[in-house]
Engineer: 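Quick one: the structure is below, questions incoming.
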Amino acid sequence: MSYKINKDTEYIRFQGRICFREDTAVLGYTNSSMTFKLKGKKLSAKFTTSTTEEINAPGLRVYIDGKKDKDIVLRNSEAEVIDIAVFPEEGLHEIRLVKITEAGMSWAAVSELTAEGELLPVEEDKRGKILFIGDSITCGYGVLGAPDAEYTVRDEDGELCYAALVARKLDLNAEWVSVSGYGMYVEYTGDPEGILPRVFNYQNAFYDKEERADLSRFIPDNIIVNLGTNDSGPMTDNILIQKGYLARYESFLYSLRIAYPDANIICVLGTLAPGYYKYVQQVLDKVKADGFTKIYGLELPEHDVEHDGMASGHPSRITHEKDADRIVAFMKENKLV
């Protein structure tokens, strides 16, 4: 039996910023997903992607009844039909397809959904909502890699980053807008084009540079902003970049408040940018003095390479776990959850 894929269907629960085209869902940002309830033996779909490069080929993960079943890597830019889940006999199963790699490297388009059996309506996710805004750390960049491994998206796993751990520990419905290398005012090279505020208001600017995001679709109770690691190098000895960072951070916070007037905003920094949280604190002091409420700051300690290791020059799984625990404890202490 074939099923149309569109954002309003009752047979699929979508999570994350997904672009929709005719009978197609394009998964881009970290941990964007599709959930199905199958009464039958098999679920298949046609997949296409934006790249044939192994180092950037998107990774997907399949869960069946809450348990990890397999990973899928899309290595062919030409459409291919893939069995998402196959069972020896007919039964009732929940199937979840998650994109574990980031939007900035590649996208994964899903179309022509076919079931050997039937899809049943999927319940709405009524859990509290949290939005994560960040860079490579929030993407889970390199978390599976050796300490000094060169880049490959194969070492990236968004489900192992601190943000995903926070969401699981607090049982929250989470959405990501995170891009490796991007900053608040400049990217790690000093390029002012590679910044999160530039792409935030688009559904997925790496897929469609013009489609604006409907910010009313996902209203978070809490927002975690972790931006400044990539700005830290360029701003070290450049007073203009320092001032630009402060101004852009302030304006971005106000744009978030306009979009989400009731959300708690928690600004964190420090894991790979020790000593730079002071700039975040300056922004927080200013907006609070101007009457900004429901705004919080948390300085994270620098990752302990000696004891906790390193992964592709980034935080290890141990560090992600520790940062997640710190954020969870902070949110509970301040009664944000």
Side-chain angles (χ1 to χ4, degrees), residues 17 127-135 137-138 162-163 166-167 170 172-179 182-186 192 195-203 212-232 234-235 238-271 273-301 323-324 326-337:
R17 290 193 176 186
R127 296 176 297 170
K129 297 181 175 68
I130 188 166
L131 171 62
F132 294 100
I133 303 172
D135 50 38
I137 302 174
T138 306
Y162 76 91
V166 167
L170 295 176
L172 298 174
N173 178 0
E175 183 169 291
W176 272 251
V177 182
S178 55
V179 186
Y182 274 34
M184 180 66 80
Y185 185 67
V186 292
I195 57 172
L196 225 297
R198 184 177 66 82
V199 300
F200 182 79
N201 288 317
Y202 293 87
Q203 189 73 352
R212 305 283 292 189
D214 178 4
L215 300 184
S216 67
R217 181 195 54 80
F218 184 89
I219 305 296
D221 305 294
N222 289 285
I223 303 171
I224 307 289
V225 179
N226 189 352
L227 288 170
T229 297
N230 291 304
D231 303 86
S232 64
M235 72 192 288
N238 191 318
I239 189 65
L240 293 179
I241 295 181
Q242 291 172 18
K243 289 182 177 180
Y245 177 80
L246 295 173
R248 182 64 53 74
Y249 208 127
E250 180 182 356
S251 65
F252 188 59
L253 288 180
Y254 273 97
S255 69
L256 290 177
R257 177 54 74 227
I258 292 170
Y260 311 113
D262 298 320
N264 302 305
I265 303 175
I266 306 127
C267 302
V268 303
L269 191 67
T271 306
Y276 286 87
Y277 177 79
K278 63 185 179 183
Y279 296 105
V280 176
Q281 190 60 57
Q282 287 180 44
V283 176
L284 296 182
D285 290 343
K286 186 174 187 305
V287 298
K288 286 180 180 179
D290 291 340
F292 210 114
T293 60
K294 294 188 176 182
I295 183 80
Y296 303 84
L298 173 63
E299 182 175 13
L300 298 171
D323 277 351
R326 292 174 181 119
I327 292 171
V328 167
F330 181 85
M331 293 179 72
K332 289 182 176 179
E333 179 183 347
N334 286 277
K335 296 180 172 57
L336 305 181
V337 287

Engineer: Could you check whether any side-chain heavy atom of Tyr185 comes within less than 4.5 Å of a side-chain heavy atom of Leu240, counting everything from C-beta outward?
Structural biologist: no

Engineer: Checking side-chain polar atoms at under 3.5 Å, does Thr271 have a donor or acceptor matched by the opposite partner on Asp323?
Structural biologist: yes

Engineer: With a cut-off of 3.5 Å and sequence neighbours excluded, list every side-chain donor-acceptor pair involving residues 249-256.
Structural biologist:
residue : atom : partner : partner atom : Å
Glu250  : OE2  : Lys286  : NZ           : 3.1
Ser251  : OG   : Ala247  : O            : 3.4
Ser251  : OG   : Arg248  : O            : 2.9
Ser255  : OG   : Phe252  : O            : 2.6

Engineer: Give, for atom CE of Met184 and atom CG of Leu196, the distance between the pair rounded to the nearest 0.5 Å.
Structural biologist: 7.5 Å

Engineer: Would you check, one step at a time, whether the test side chain to side chain contact (heavy atoms under 4.5 Å, CB included) holds for Val186 with Met235?
Structural biologist: CA-CA 9 Å; Val186 292; Met235 72 192 288; over 6 Å; no

Engineer: To check you understand the geometry: which heavy-atom pair defines the closest contact between Asp214 and Ser216, and what is its length?
Structural biologist: OD1-OG, 2.5 Å

Engineer: Can you measure from CD1 (Ile327) to NZ (Lys332) and round to the nearest 0.5 angstrom?
Structural biologist: 13.5 Å

Engineer: So Cys267 and Leu298, side chain to side chain contact (heavy atoms under 4.5 Å, CB included) or not? Walk me through it.
Structural biologist: CA-CA 6 Å; Cys267 302; Leu298 173 63; over 6 Å; no

Engineer: Taking 4.0 angstrom as the limit, do Glu333 and Arg326 come out as a salt bridge?
Structural biologist: no

Engineer: Grab the two heavy atoms, one from Gly183 and one from Pro197, that are nearest each other, plus how far apart they are.
Structural biologist: O-CD, 3.8 Å

Engineer: Distance check, rounded to the nearest 0.5 Å: Ile241 atom CD1 versus Asp231 atom CG?
Structural biologist: 8.5 Å

Engineer: Going through the distances and angles, do Val177 and Phe132 end up as a side chain to side chain contact (heavy atoms under 4.5 Å, CB included)?
Structural biologist: CA-CA 6 Å; Val177 182; Phe132 294 100; over 6 Å; no

Engineer: How close do Met331 and Leu170 get, counting heavy atoms only, and between which atoms?
Structural biologist: SD-CD1, 4.0 Å

Engineer: Please give me the minimum heavy-atom distance between Gln282 and Leu246, naming the atom from each residue.
Structural biologist: OE1-CD1, 3.6 Å

Engineer: How far does CG of Leu336 sit from CG of Asn222, to the nearest 0.5 angstrom?
Structural biologist: 5.5 Å

Engineer: If you round to the nearest 0.5 Å, how far is CD1 of Ile224 from OG of Ser178?
Structural biologist: 13.0 Å

Engineer: Testing the 3.5 Å rule here: is there a donor-acceptor pair between the side chains of Thr138 and Tyr162?
Structural biologist: yes

Engineer: Please report the closest heavy-atom contact between Ala259 and Leu215, naming both atoms and the distance.
Structural biologist: CB-CD1, 3.8 Å

Engineer: Do the numbers put Arg17 on top of the ring of Tyr202, so that NZ or CZ is under 6.0 Å from the six-membered ring centre and no more than 45° off the axis?
Structural biologist: no

Engineer: Using side-chain heavy atoms (C-beta onward) and a distance below 4.5 Å, is Val268 in contact with Phe330?
Structural biologist: no

Engineer: How far apart are the closest heavy atoms of Ala263 and Ile223, and which atoms are they?
Structural biologist: CB-CD1, 4.0 Å

Engineer: Measuring from atom OH of Tyr276 to atom CG of Leu269, what distance do you get when rounded to the nearest 0.5 angstrom?
Structural biologist: 10.5 Å

Engineer: Ignoring hydrogens and angles, tell me if any N or O in the side chain of Arg257 forms a donor-acceptor pair with the backbone of Thr293 under 3.5 Å.
Structural biologist: yes

Engineer: Determine whether more than 12 heavy atoms belonging to other residues, nucleotides or ligands lie under 6.0 Å from atom NZ of Lys288.
Structural biologist: yes

Engineer: Looking just at side-chain N and O atoms, do Tyr182 and Arg198 make a donor-acceptor pair shorter than 3.5 Å?
Structural biologist: yes

Engineer: For the side chain of Lys294 and the backbone of Asp262, is there at least one donor-acceptor N/O pair under 3.5 Å apart?
Structural biologist: yes

Engineer: Going by atom types only, do Gln242 and Asn238 share a side-chain donor-acceptor pair under 3.5 Å?
Structural biologist: no

